[in-house]
Asker: 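Structure in structure tokens, see below.
A, B, ... follow the sequence lines: proteins, then strands. Residue 1 opens every chain.
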Amino acid sequence: MPELPEVEAVARTLRPLVCGHRIRRCRVLHTIAVRPQSAATVRRRFEGRRVENVERFGKYLTLRLDDGCAVLHFKLDGQLVWFDEHRVNGHIDIALHFRHGTLGFVDRRHFGRVLWFRAAEEVPGIRGLGPDPLSRDFTLDYLRSLLTKSRRPVKLLLMDQTRIAGLGNIYASESLWRARIGPRRLSHRVRPEEARRLHKAIVDVLSRALECCLDPAPDFRDPGWWFQGLERILGVYDLEGKPCRRCGTRIRRIQQAGRSSYYCPTCQR
DNA sequence: CCTGCTACCTGATGGC
DNA sequence: TGCCATCAGGTAGCAG
């Protein structure tokens, strides 16, 4: 559940479910999910702790505890499931048992992590995050200064979490399509009026995606839940060979830093 | 500091 | 059917 809108929707849905509740037991069913920490440490730190708040930092999700902090990252495929009872089924990596049910962290691919830190700010990946694009800190001036200072392709800059927190492969491609800027354009070659379009495109696409992710909201009780209807707002992602909605040209896919970038060769320059 | 590349894992899919 | 290659929404770590 990779990018900002999806993690934000999960945070908002999870908050009322676990805030104020105590983790009575923690089971580490796949120790790789807590690496490089130890299962014993994570269990000991989590058990008996009360969840004070659920927050999002970029694509990280945190459960602030009355002592310390549970830090979750879903990477590519991680997700949450909820059981109303203490019994769980299916592939579960980490189970957090509450009085009223059990929260499961699921990631068959084992890229995702559930870790304990004293505070969210102590997580290197969180400390290094750039401004959140849905916050006031993400101004047009900030984006322009970022672009001016970088010589990398703009798509890679958008995905750099230390510059902007939360954009990933889908919404980086989508933002550039909306702004009509080619993914390979060098950042410092983006002109001021294009930067303005890009700023609006980023905010708009993330806002629309978040609305989409909240309606319907994630249903952790359904083991097969996933976000519905996001295709409706996508213009290029995973649409190689399909006609561009603006000009009809076939969408192209290229590789950048090992990841697929999708774009319209006619309206993105 | 900046940038680019690889490893980390598992499962789904498509060509032969 | 089997086998192989390729692909997947991310990030840490290391080298130049």
Asker: Check whether any side-chain heavy atom of A/Lys59 sits under 4.5 Å from a side-chain heavy atom of A/Phe74, and report yes or no.
Answerer: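 A side-chain contact is absent here, since even the closest heavy-atom pair is not under 4.5 Å.
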Asker: Looking only at side-chain N and O atoms, does A/Arg108 come under 4.0 Å of OP1 or OP2 in B/dT10?
Answerer: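 For B/dT10, neither OP1 nor OP2 has a side-chain N or O of A/Arg108 closer than 4.0 Å.
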Asker: Taking ILVMFWY side chains as joined if any heavy atoms are under 4.5 angstrom apart, and letting links pass through other members, which residues group with A/Val81?
Answerer: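 Traced through the cluster, A/Val81 reaches A/Leu29, A/Phe83, A/Val88, A/Ile92, A/Val106.
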Asker: For A/Asp107 and B/dC8, what is the distance between atoms CG and C1' respectively, to the nearest whole Å?
Answerer: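 Spelled out: CG on A/Asp107 to C1' on B/dC8 is 11 Å.
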Asker: Send over the distance from A/Arg259 CZ to B/dT6 P, rounded to a whole Å.
Answerer: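 Result: 14 Å.
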Asker: Taking only N/O atoms, report every protein-nucleotides 12-16 of chain C pair under 3.5 Å with atom names and distance.
Answerer:
unit_1	atom_1	unit_2	atom_2	d
C/dA12	OP1	A/Tyr60	OH	2.8

Asker: For a 4.5 angstrom cut-off between non-hydrogen side-chain atoms, does A/Phe57 reach A/Leu129?
Answerer: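 Result yes, sub-4.5 Å side-chain heavy-atom pair found.
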Asker: What pair of heavy atoms forms the shortest contact from A/Leu61 to A/Ala11, and how long is it?
Answerer: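 Nearest pair, atom of A/Leu61 first, then A/Ala11: CD1-CB, 3.4 Å.
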Asker: May I ask you to evaluate whether A/Tyr262 reaches the phosphate of C/dA8, defined as a side-chain N or O under 4.0 Å from OP1 or OP2?
Answerer: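 It does, given that an N or O in the side chain of A/Tyr262 lies less than 4.0 Å from OP1 or OP2 of C/dA8.
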Asker: Grab the CD1-C1' distance between A/Ile32 and B/dT10 for me, whole Å please.
Answerer: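 Result: 10 Å.
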Asker: Mind calculating the distance between CG (A/Asp160) and C1' (C/dT11) to the nearest angstrom?
Answerer: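 Going from CG in A/Asp160 over to C1' in C/dT11 covers 11 Å.
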Asker: Using residues 13-21 of chain A as the side-chain source, report each donor-acceptor pair under 3.5 Å to any protein atom, sequence neighbours left out, with the distance given to one decimal.
Answerer:
unit_1	atom_1	unit_2	atom_2	d
A/Thr13	OG1	A/Ala9	O	2.7
A/Arg15	NE	A/Val54	O	2.9
A/Arg15	NH2	A/Val54	O	2.8

Asker: Over how many whole Å does the gap from A/Asp93 atom CG to B/dG11 atom P extend?
Answerer: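 Atom-to-atom, A/Asp93 to B/dG11, this comes out as 11 Å.
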Asker: A/Gln256 has an atom CD; how far is it from atom C1' of C/dG10, in whole Å?
Answerer: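 Rounded to whole Å, this separation is 16 Å.
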Asker: Please enumerate all residues that pass side-chain contact (heavy atoms from CB on, under 4.5 Å) together with A/Arg208, with sequence neighbours excluded.
Answerer: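 side-chain contact (heavy atoms from CB on, under 4.5 Å) check on A/Arg208 returns A/Ile233.
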Asker: Take the protein atom CG of A/Leu76 and the nucleotide atom P of C/dT11, then report the distance between them rounded to whole Å.
Answerer: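 Answer to the nearest Å: 9 Å.
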Asker: Reading DNA chain C 5' to 3', what string of ( ), [ ], | and . shows its pairs, if Watson-Crick and G-U wobble pairs count only when both distances fall under 3.5 Å?
Answerer: .|||||||.|||||||
Asker: Measure centre to centre between the rings of A/Trp225 and A/Phe220, then say whether the value is under 6.0 Å.
Answerer: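 Between A/Phe220 and A/Trp225, which both carry aromatic rings, the centre distance is below 6.0 Å.
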Asker: Only distances under 3.5 Å count here; give the side-chain donor-acceptor pairs of residues 167-175 of chain A to other protein atoms, sequence neighbours excluded, each with its distance to 0.1 Å.
Answerer:
unit_1	atom_1	unit_2	atom_2	d
A/Asn169	OD1	A/Lys155	NZ	2.7
A/Asn169	ND2	A/Ser260	O	3.0
A/Tyr171	OH	A/Glu6	OE2	2.9
A/Ser173	OG	A/Tyr262	N	3.3
A/Glu174	OE1	A/Gly235	N	2.6
A/Glu174	OE2	A/Gly235	N	3.4
A/Glu174	OE2	A/Val236	N	3.0
A/Glu174	OE2	A/Tyr237	N	2.7
A/Ser175	OG	A/Tyr171	O	2.6

Asker: Please tabulate, one pair per line, all N/O donor-acceptor pairs under 3.5 Å involving side-chain atoms of residues 40-49 of chain A, not counting sequence neighbours.
Answerer:
unit_1	atom_1	unit_2	atom_2	d
A/Thr41	OG1	A/Ser38	OG	2.7
A/Glu47	OE2	A/Cys26	N	2.8
A/Arg49	NE	A/Asp66	OD1	2.5

Asker: A/Glu55: what forms a salt bridge (Lys or Arg N to Asp or Glu O under 4.0 Å) with it, not counting sequence neighbours?
Answerer: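 Checked A/Glu55 against salt bridge (Lys or Arg N to Asp or Glu O under 4.0 Å); matches are A/Arg64.
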Asker: Does anything in residues 148-155 of chain A reach DNA chain B, meaning a heavy atom under 4.0 Å, and if so which residues?
Answerer: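 Result for residues 148-155 of chain A: A/Ser150, A/Arg151, A/Arg152, sorted by number.
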Asker: Between A/Ser260 and C/dC7, is there a side-chain N or O to OP1/OP2 distance below 4.0 Å?
Answerer: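 No, because none of the side-chain N or O atoms of A/Ser260 sits under 4.0 Å from OP1 or OP2 of C/dC7.
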Asker: Any donor-acceptor pair under 3.5 Å linking the side-chain atoms of A/Asp160 with those of A/Thr162?
Answerer: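 Present: a donor and an acceptor within the cut-off.
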Asker: Can you list the residues that meet the salt bridge (Lys or Arg N to Asp or Glu O under 4.0 Å) rule with A/Arg221, with sequence neighbours excluded?
Answerer: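 Scan of A/Arg221 (salt bridge (Lys or Arg N to Asp or Glu O under 4.0 Å), adjacent residues dropped) gives A/Asp84.
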Asker: For A/His199 together with A/Phe138, are the ring centres under 6.0 Å from each other?
Answerer: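 Here the rings of A/His199 and A/Phe138 have centres that are less than 6.0 Å from each other.
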Asker: Compare side-chain N and O positions of A/Gln161 against OP1 and OP2 of C/dT11 and report whether any pair is under 4.0 Å apart.
Answerer: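 So the side chain of A/Gln161 is within the cut-off, an N or O lying under 4.0 Å from OP1 or OP2 of C/dT11.
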Asker: For A/His97, give me all partners under ring pair (Phe, Tyr, Trp, His ring centres under 6.0 Å), at least two apart in sequence or on another chain.
Answerer: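 For A/His97 the ring pair (Phe, Tyr, Trp, His ring centres under 6.0 Å) partners, ignoring immediate neighbours, are A/His86.
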Asker: Taking only heavy atoms on the protein side, list every residue of residues 109-119 of chain A lying under 4.0 Å from any atom of DNA chain C, sorted numerically.
Answerer: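 Only A/Arg109, A/Phe111 qualify.
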Asker: Report the distance from atom CG of A/Leu72 to atom P of C/dG10, rounded to the nearest whole Å.
Answerer: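 After rounding, the reported distance stands at 17 Å.
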